[in-house]
Structure formats: C-alpha cells, structure tokens
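Keep in mind it's a predicted model, so treat the numbers as computed, not measured.
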Amino acid sequence: MRKKELLEGLAGKGRSLREVLLDKDLAALGDALVNFAYSLALSISLGRPTGDRLDNRTLSEALKAAGLRELMPRRMSRHDLANAAEALLAYGWLTGAVGFWEIVEALTGADRVASLSGLLRKIATCGTC
C-alpha cells in the first residue's frame, strides 16, 4: 500500500466535516502534530531547539474565527473546541489538504488565530479531500 493510501485510511477520508471535528483519535494525533509544529516554529524564531504546547484558547478561537463552531454541539468547553481544531488539522495533513510547513508557518506569525483559522477553512472547504 502506498503512503498516500495509508494516510488517507488513517484520516477516514470521505467522512462528514462534523464527524472529523468530533473524532477523538484524530484529535489526539492532531495534538501531537500541532505541538510539534508549534515547537518547531518557536525553535526557528528563537534560533535554538525548544519544545512547547499551543494553548487551547488559540485553537478554539481559530475554530470560531473559521466559522466552524456552529457545526459543534452546543455545550463544549474550550478544550473540546481545541480538540476539534486539532482533529481537523490532522485530517487536513493526512489527506494532503495542508502540508506540515503550512502549519508551521501559520504558527510562526504574530496573528496565530487568523493564520490557523485560514488553514481550518481551507481544510473544511477542500472538495478533493
């Protein structure tokens, strides 16, 4: 099996956007992906290796700014919304809708919420994913 099919299989390609946003397994993978990308962005900015975690507020605000909050159940915590953003970013990376460096670049800029919301919108509207 080729790499593309393996990754798309992990993503569960073809599911509804709501299913992707609520997928806890994708959220767990997305957590690792986002935090690695964030650590790399910080390392580049600082000029030395470092590790850190992106806060849930940034991720949940990006999800809202992307207009995706309405797809989620009513009573969800900031943590739950951040998980949904991480799940969608993992899905986007697995399906090839966004590249790893796009995520790193979004986390390098001053307005991370705007950059991440743009990536989330891109993935959500990707017709070939």
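Annotation for Met76 and Arg69: closest pair N-NH2, 4.0 Å, computed over non-hydrogen atoms.
Within the 4.5 Å cutoff, the side chain of Arg18 has no heavy atoms near those of the Met72 side chain. Inter-residue side-chain proximity for Leu94 and Leu29 is flagged as met; some heavy-atom pair is nearer than 4.5 Å.
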Worksheet entry | Worked verdict on Glu5 versus Leu10 for side chain to side chain contact (heavy atoms under 4.5 Å, CB included) | CA-CA 9 Å; Glu5 285 109 14; Leu10 289 174; over 6 Å; no
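In this structure, the side chain of Ser115 engages the main chain of Asp111 through a donor-acceptor pair within 3.5 Å.
Hydrophobic clustering places Leu33 together with Leu81 (ILVMFWY residues linked when any side-chain heavy atoms are closer than 4.5 Å, directly or through intermediates).
Scanning for side-chain contact (heavy atoms from CB on, under 4.5 Å) contacts around Leu17 gives Leu21, Leu68, Leu71, Leu88, Ala124, with sequence neighbours left out. Under the rule for a salt bridge (charged side-chain N to carboxylate O under 4.0 Å, His left out), Asp80 has no partner lying at least two apart in sequence or in another chain.
Applying side-chain contact (heavy atoms from CB on, under 4.5 Å) to Ile123 and the options Leu89, Thr95, Val20 leaves one that passes, Leu89.
A distance of 8.0 Å separates CD of Glu86 from CG of Leu54, quoted to the nearest 0.5 Å. The CG atom of Leu42 sits 13.0 Å away from the CZ atom of Arg53 when rounded to the nearest 0.5 Å. Between the CG atom in Leu116 and the CG atom in Leu119 there is a gap of 6.0 Å [rounded to 0.5 Å].
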Under 3.5 Å, which donor-acceptor pairs do the side chains of residues 98-110 form with other protein atoms, sequence neighbours left out?
| from | atom 1 | to | atom 2 | distance (Å) |
| --- | --- | --- | --- | --- |
| Glu102 | OE1 | Lys122 | NZ | 2.7 |
| Glu102 | OE2 | Gly99 | N | 2.7 |
| Thr108 | OG1 | Val104 | O | 2.7 |

Listing, residues 59-67 side-chain donor-acceptor contacts under 3.5 Å, not counting sequence neighbours, or none:
| from | atom 1 | to | atom 2 | distance (Å) |
| --- | --- | --- | --- | --- |
| Ser60 | OG | Asn56 | O | 3.0 |
| Ser60 | OG | Arg57 | O | 3.1 |

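Within the structure, ring-ring contact (aromatic ring centres under 6.0 Å, His included) contacts touching residues 45-87 (residues at least two apart or in different chains) do not occur. Within the structure, the side chain to side chain donor-acceptor pair (under 3.5 Å) test picks out the following pairs touching residues 35-44 (sequence neighbours left out): Asp31-Asn35.
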